[in-house]
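A short write-up of the structure that comes next.
Positions are given from 1 along the sequence.
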Amino acid sequence: NTPVPTDTPEPTQELEAAAVGGDLAARTQTVAALLTQAAQAGGGVPGGTQQVTPTALPTAGFADEVGLPGLLGLSVLLVGVIFLVRRLRLSGSG
C-alpha cells in the first residue's frame with residue numbers, strides 16, 4: 001500500500017493567497033490598519049468621544065424622597081392603626 005504519486009501540487013500559502021485573490025499578508029496588514037484607525041476614532045461614536053456610563057444608583061423613588069425617618073414614622077403609624085383596629089373589633093363583639 002504505497003501511495004501513488006500524482007501531479008497535483010501540495011497546497012501552499014502562495015496557492016491559497018492566489019485563490020483568495022491577492023497577497024494574504026497585505027490584506028491582513030490593511031485590515032489591522034483599518035481596525036486601528038477605527039479604534040483611535042472612538043469606535044464609531046460621533047466626534048470620537050467615548051460614551052460615559054453611569055455607575056451610581058438612580059435617585060428616584062419613594063424612599064429617596066421621604067428618607068429613612070419618614071419610613072420609620074410611617075411604619076410606627078401603621079402598627080398603631082393595626083392595634084387600634086384590633087381593639088375596636090374586640091370591644092364591639094363583647
Side-chain angles (χ1 to χ4, degrees):
N1 282 338
T2 60
V4 178
T6 62
D7 291 337
T8 307
E10 291 292 321
T12 60
Q13 189 174 9
E14 292 84 20
L15 289 175
E16 290 173 0
V20 173
D23 187 19
L24 194 57
R27 283 186 172 197
T28 303
Q29 290 174 351
T30 302
V31 170
L34 290 173
L35 289 174
T36 303
Q37 287 177 353
Q40 289 173 348
V45 178
T49 59
Q50 297 292 330
Q51 288 182 328
V52 179
T53 56
T55 56
L57 294 175
T59 57
F62 180 75
D64 290 327
E65 294 177 11
V66 177
L68 187 60
L71 291 176
L72 290 176
L74 186 60
S75 63
V76 169
L77 178 69
L78 289 175
V79 170
V81 167
I82 290 172
F83 283 119
L84 179 66
V85 169
R86 285 183 57 91
R87 178 181 283 191
L88 288 174
R89 287 182 71 196
L90 290 176
S91 67
S93 65

* Any chance you could pull the hydrophobic cluster mates of Val81, using side-chain heavy atoms under 4.5 angstrom and chaining through other members? => Val85

* **Rounded distance [0.5 Å steps], CG in Leu77 versus CD1 in Ile82** => 10.0 Å

* To do: Starting from Leu35, walk the hydrophobic network (Ile, Leu, Val, Met, Phe, Trp, Tyr; side-chain heavy atoms closer than 4.5 Å) and list everyone else you reach, by chain and number.
  => Val31

